[in-house]
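Reading through the structure tokens given below for one structure.
Computed from a prediction, not measured in an experiment: that's the story for all the values here. Below, chain A is the first sequence line, B the second, and so on; all start at residue 1.
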Amino acid sequence: MTTFRAPKGTEDILPPDSDWWRRAYRVFDDLCEQFGYGMTLLPLFEDTDVFARGVGGDTEVVEKQMYTFTDKGGRSVTLRPEATASMVRALIQSGGVQTRFKGAFWGPMFRYERPQKGRNRQFYQGDIEYIGTSSPEADVEVIEFGWRYLQRMGLTDVELRLNSIGDAEDRADYRREIQAFLHERFDALSPDAQRRIDSNPMRVLDSKADRDVVADAPVPVDHLGEEAGEHFADVRTGLDNLDIPYVIDARLVRGLDYYNRTVWEYVPRTYDAAQSSVGGGGRYDGLFEILGGKPTPGVGLALGIDRIGLALGAHEATPALDGFIIAARDGDRSAARKLTSELRSAGLRVDMTDRPRPVKAQFKEADRSGAAAAIVVGEEWDAGMVSVKQLETGEQQEVAVEEIEAWLRS
RNA sequence: GUGGCCGUAGCUCAGCUCGGUGAGAGCGCCUGGUUGUGGUCCAGGAGGUCGCGGGUUCGAAUCCCGUCGGCCACCCCA
């Protein structure tokens, strides 16, 4: 027996479940227009090195979650695990960013992991990037964007966790300090943490397995240089100014190596799952150089759409048609079909059954479709009339054919 | 990659411990309850290789082994 199913870690999203996704995208798109972020369409896969170098060789994402293939030309390509490196590559390719660039993007990402709640191998992100400015106002705007998005989607009880991990230069001293701290407690550390002392000690702060050990470890936010410190203060002032609440999480470091200074995450308080973060972002002033471009600062965020949906719980389907056309007699079907066509051309949302069925069954379909009204084409059609019934109230009346459109709109 | 739980109608599941009367329920779906009226009610109906393979047995959805798949957690992150 060869029955196929969606590959492990992927999901088919069909109506009516996809109604929510349509809304999720529309809200995102509206917000992008309001904030002035242009749309970008990027490849689903890139040269493997874009991510290996961009994201960082010592991250989990690159170490073991890459969907990497060799194509027929012998090139190593990787299904994108995240958007920022890809976006930066595209901007470098197009000649770099002269003044500033605000780009948005929506689509699937791929990470090879063992699936669980809120973690699929193919998952969806909405992303915005504000590039070409090191102003803290940009950080604030991007953080605000994510906050507004969650609010509009109905996730109102969200904790915004904020931190600054400083600049690369600031981290030299800090690095020695945390390494010393970790070496003293070497035996208590998890194998992963032990391995990272030399390669990327800051990441240990983020490790659940080592939570107790690092509870009183030195944190980057206490080792900010003058500029990074001012920047962070300005970001906080900016958020206060917009009345966006946040908490400082000194051990928040994020999983991608390109971040510097500001990093943040959105965590719904009402959502209990291991994968609780529904979005996050950070500043990445060094990424352009890593990928071979001119030094260009940038800040961006990713929203985990799947997780936002999970955090919201069951959402009511809202199919909603303006009208459902019913052909009373089989001979009325062509007239009904024509009317359906005309009303659709006029911009209304209408549907009808796929074949002759008892009127009762057609009404049942009309009801299930979520239509506001049922429009009966039958004997009255011969006199230029149709019967229209408001399905919620049950009220019914006859209306002249040429007035249906106006009636449906009222 | 490691661990736990689970795979029976389209969906949610009961039955499995103590193998054996014709494989079930609810929801959904279809038809009907008189001429062209839904969401309630009533009646009838369609729909199942009991994940797959092997073993034990006179006999297995029920016991054993294997395998595939799903969910959740660890890890990590969106």
Side-chain angles (χ1 to χ4, degrees), chain A residues 1-11 14 55 59-65 80-84 107-127 146 150 190-193 196 203 206-211 252-256 263-268 272-282 300-311 324 326-332 336 353 356-371 373-381 386-396:
Chain A
M1 127 181 136
T2 52
T3 59
F4 294 108
R5 37 180 316 127
K8 192 181 181 77
T10 68
E11 201 175 354
L14 308 172
V55 173
T59 60
E60 282 278 323
V61 169
V62 171
E63 274 178 351
K64 45 189 192 185
Q65 299 176 356
R80 61 184 183 200
E82 63 107 36
T84 305
M109 299 294 167
F110 305 87
R111 292 185 197 174
Y112 191 89
E113 302 181 86
R114 194 80 173 263
Q116 69 183 73
K117 191 174 190 179
R119 192 175 77 181
N120 268 338
R121 290 181 176 180
Q122 176 173 331
F123 58 101
Y124 294 82
Q125 285 189 174
D127 238 271
L150 296 173
S190 67
D192 271 346
R196 284 184 167 137
R203 166 90 6 82
D206 209 19
S207 166
K208 282 185 195 170
D210 302 288
R211 180 165 279 172
L252 177 65
V253 297
R254 311 277 300 149
L256 312 180
V263 294
W264 71 92
E265 279 183 4
Y266 307 93
V267 182
D272 62 330
Q275 316 298 327
S276 58
S277 167
V278 298
L301 91 87
L303 293 160
I305 308 304
D306 315 59
R307 287 188 188 174
I308 292 170
L310 288 170
F324 197 96
I326 287 166
R329 305 162 298 188
D330 290 357
D332 295 320
T353 64
R357 298 193 67 189
V359 170
K360 184 184 177 113
Q362 293 188 62
F363 262 93
K364 207 167 181 180
E365 276 200 47
D367 186 50
R368 278 195 301 251
S369 75
I375 298 137
V376 182
V377 174
E379 280 175 15
E380 58 273 64
W381 182 261
V386 292
S387 296
V388 288
K389 181 173 187 178
Q390 282 190 293
L391 288 170
E392 196 158 330
T393 63
E395 278 177 63
Q396 181 167 333

Mark yes or no for a side-chain to base donor-acceptor pair under 3.5 Å between [X] and [N], with no hydrogen or angle criteria applied.
X: Q65(A); N: G1(B); result: no
X: K360(A); N: G36(B); result: no
X: Q116(A); N: C75(B); result: yes
X: D367(A); N: G39(B); result: no

Using atom [atom1] of each nucleotide, how far apart are [N] and [M] to the nearest Å?
N: U12(B); M: U67(B); atom1: P; result: 27 Å
N: U8(B); M: A61(B); atom1: C1'; result: 7 Å
N: G59(B); M: G47(B); atom1: P; result: 30 Å
N: G4(B); M: A78(B); atom1: C1'; result: 26 Å
N: G20(B); M: G1(B); atom1: P; result: 39 Å
N: U56(B); M: C65(B); atom1: P; result: 15 Å
N: C72(B); M: G54(B); atom1: C1'; result: 30 Å
N: G7(B); M: U49(B); atom1: C1'; result: 15 Å

Counting the atoms with a prime plus P, OP1 and OP2 as sugar-phosphate, which does [X] contact under 4.0 Å by heavy atoms, base, sugar-phosphate, or nothing?
X: G378(A); result: base
X: S190(A); result: nothing
X: E379(A); result: base
X: Q122(A); result: nothing
X: Q396(A); result: base
X: K389(A); result: base
X: E82(A); result: nothing

Between [N] ([atom2]) and [X] ([atom1]): distance, integer Å:
X: D306(A); N: C71(B); atom1: CG; atom2: P; result: 13 Å
X: E395(A); N: G38(B); atom1: CD; atom2: C1'; result: 15 Å
X: R211(A); N: C76(B); atom1: CZ; atom2: C1'; result: 13 Å
X: L310(A); N: C77(B); atom1: CG; atom2: C1'; result: 14 Å
X: F363(A); N: G38(B); atom1: CZ; atom2: P; result: 8 Å
X: R119(A); N: G1(B); atom1: CZ; atom2: C1'; result: 11 Å
X: R121(A); N: A78(B); atom1: CZ; atom2: C1'; result: 17 Å
X: E11(A); N: G70(B); atom1: CD; atom2: P; result: 12 Å

Is [N] paired to anything, Watson-Crick or G-U wobble with both distances less than 3.5 Å, and if yes, which nucleotide?
N: C75(B); answer: none
N: U17(B); answer: none
N: C41(B); answer: G33(B)
N: U67(B); answer: G51(B)

Yes or no on side chain to side chain contact (heavy atoms under 4.5 Å, CB included) for L391(A) and F324(A), after CA distance, side-chain angles and deciding distance?
CA-CA 10 Å; L391(A) 288 170; F324(A) 197 96; 5.6 Å; no
I want to check something: taking the side chain as every heavy atom from C-beta on, are F123(A) and I305(A) in contact at a cut-off of under 4.5 Å?
no
Any side-chain heavy-atom pair from P108(A) and R80(A) closer than 4.5 angstrom?
yes
Closest non-hydrogen atom pair between M109(A) and A83(A), with its separation
CE-CB, 3.4 Å
How far apart are the closest heavy atoms of N120(A) and G9(A), and which atoms are they?
CB-O, 3.2 Å
With respect to the side chain of [X], which nucleotide from [options] is positioned closest?
X: K364(A); options: G38(B), U31(B), A78(B); answer: G38(B)
X: S207(A); options: C76(B), C30(B), G36(B); answer: C76(B)
X: S277(A); options: A78(B), U37(B), U31(B); answer: A78(B)
X: S387(A); options: C77(B), U37(B), A78(B); answer: U37(B)

Short side-chain N/O contact to [N] OP1/OP2 from [X], under 4.0 Å:
X: R114(A); N: C72(B); answer: no
X: R307(A); N: C77(B); answer: no
X: K8(A); N: G69(B); answer: no
X: R254(A); N: A78(B); answer: yes
X: R368(A); N: C29(B); answer: yes
X: R203(A); N: C77(B); answer: yes

Within this structure, what is the [atom1]-[atom2] distance for the pair [X] and [Y], rounded to the nearest 0.5 Å?
X: L310(A); Y: R119(A); atom1: CG; atom2: CZ; result: 13.5 Å
X: E11(A); Y: Y124(A); atom1: CD; atom2: OH; result: 8.5 Å
X: Q390(A); Y: Q396(A); atom1: CD; atom2: CD; result: 11.0 Å

Under 4.0 Å between a side-chain nitrogen and a carboxylate oxygen: does that hold for R254(A) and E265(A)?
yes
Protein and nucleotides 45-47 of chain B: nitrogen or oxygen contacts under 3.5 angstrom:
none

Nearest-nucleotide wise, let me know which of V278(A) and E392(A) is further upstream toward the 5' end of RNA chain B.
E392(A)
Can you list the steps and then say if I308(A) with L150(A) is a side chain to side chain contact (heavy atoms under 4.5 Å, CB included)?
CA-CA 8 Å; I308(A) 292 170; L150(A) 296 173; 3.5 Å; yes
Here's one to test your reading of the geometry: is the NZ or CZ of R121(A) within 45 degrees of the ring axis of Y112(A) and under 6.0 Å from its centre?
yes
